[in-house]
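Let me begin by presenting the structure, written as C-alpha cells, before commenting on it.
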Amino acid sequence: AQSVTQPDIHITVSEGASLELRCNYSYGATPYLFWYVQSPGQGLQLLLKYFSGDTLVQGIKGFEAEFKRSQSSFNLRKPSVHWSDAAEYFCAVGAPGGSQGNLIFGKGTKLSVKP
Amino acid sequence: DAGVTQSPTHLIKTRGQQVTLRCSPKSGHDTVSWYQQALGQGPQFIFQYYEEEERQRGNFPDRFSGHQFPNYSSELNVNALLLGDSALYLCASNTGVGGPNSYEQYFGPGTRLTVT
C-alpha cells in the first residue's frame with residue numbers, strides 16, 4: 001500500500017533563511033507527487049507537482065522540489081523564506097494507472113517563521 | 001474563474017444526527033472527491049464521484065454517502081454522527097479524463113463539522 005511520511009511535525013526558520021521540508025513515500029513504482037500548502041482555516045493550495053521527466057520542479061511562490069528515486073523522496077525547498085510562508089505543508093502521492101484522483105497525504109509539517 | 005466552493009463553512013451537530021455538506025467544483029471540472037481532515041492530520045480520502053456515480057471509495061463506513069448532480073456539484077451525507085466525525089471536510093475537483101492531470105486536484109476551503 002502507498003504511504004507518505006513527513007518526518008518533521010514542526011519546523012521553525014528565520015525569515016530570509018532557506019527551507020527544506022522532507023517527504024518520503026512508499027510505492028512500488030514512481031508515483032505522481034504533489035506538495036500542498038494550507039493556511040489556518042483554509043483549504044489546500046497546490047504548490048507544485050511531479051509526473052515525470054526533469055526531477056527538479058518549480059512551483060508557485062518561489063518553491064521547488066526535487067524527486068529522488070533512489071531515496072523515495074520529494075523534498076520541498078525555498079531559498080529564502082518570507083513571513084507569509086508560515087502555514088502547514090502537505091506532501092501527497094497518487095498511483096498512476098490505479099485509483100485515479102485518490103491522493104494519499106502525509107500528516108503535514110507546520111512551518112513557523114521567526115522575524 | 002470560480003474555484004471550488006463549499007457550504008456551509010461551519011456546522012455544529014449532536015451525536016446521532018445526520019448532516020449534509022455541499023460542494024460545487026471548479027469550472028470545467030467534472031469529478032469531485034471528498035476528504036476528511038481530522039485535527040493535526042493530513043486529509044484522508046472518503047470517496048470520489050464521476051458521471052454521477054461513486055467511482056472510488058476509501059476506508060470509511062457506509063454512514064458516509066454521497067451524491068453527484070448533473071451539474072457536477074456534489075453532496076456528502078453522514079448519518080448517525082459520532083464524536084469522532086468532528087473534522088474539516090474538504091471537497092476537491094479535477095477533470096476525470098484520465099492521465100496525470102486527473103490527479104491534480106483543486107480544493108475548496110472546507111466545512112468545519114463539530115459533533116457534540
(message) Does B/Ile12, at its CD1 atom, have more than 12 non-hydrogen atoms belonging to other residues, nucleotides or ligands within less than 6.0 Å?
(response) no
(message) Does any backbone or side-chain atom of A/Gln38 lie under 4.5 Å from a heavy atom of chain B? Answer side chain, backbone, both or neither.
(response) side chain
(request) Return the option, out of B/Gly108, B/Pro43, B/Gly110, with the maximum number of heavy-atom pairs under 4.5 Å with chain A. (result) B/Pro43
(message) Need one label for A/Leu46: side chain, backbone, both or neither, based on atoms under 4.5 Å from any heavy atom in chain B.
(response) side chain
(message) Please classify the contact of B/Gln37 with chain A as side chain, backbone, both or neither, using a heavy-atom distance under 4.5 Å.
(response) side chain
(request) Answer yes or no on whether A/Lys49 is positioned over the face of A/Phe34, meaning its NZ or CZ is under 6.0 Å from the six-membered ring centre and within 45° of the axis. (result) no
(message) If we count only N and O atoms by modelled type, under 3.5 Å, do the side chains of A/Thr30 and A/Arg69 hold a donor and an acceptor together?
(response) yes
(request) Determine whether the side chains of B/Asn94 and B/Glu104 contain a donor N or O and an acceptor N or O closer than 3.5 Å. (result) no
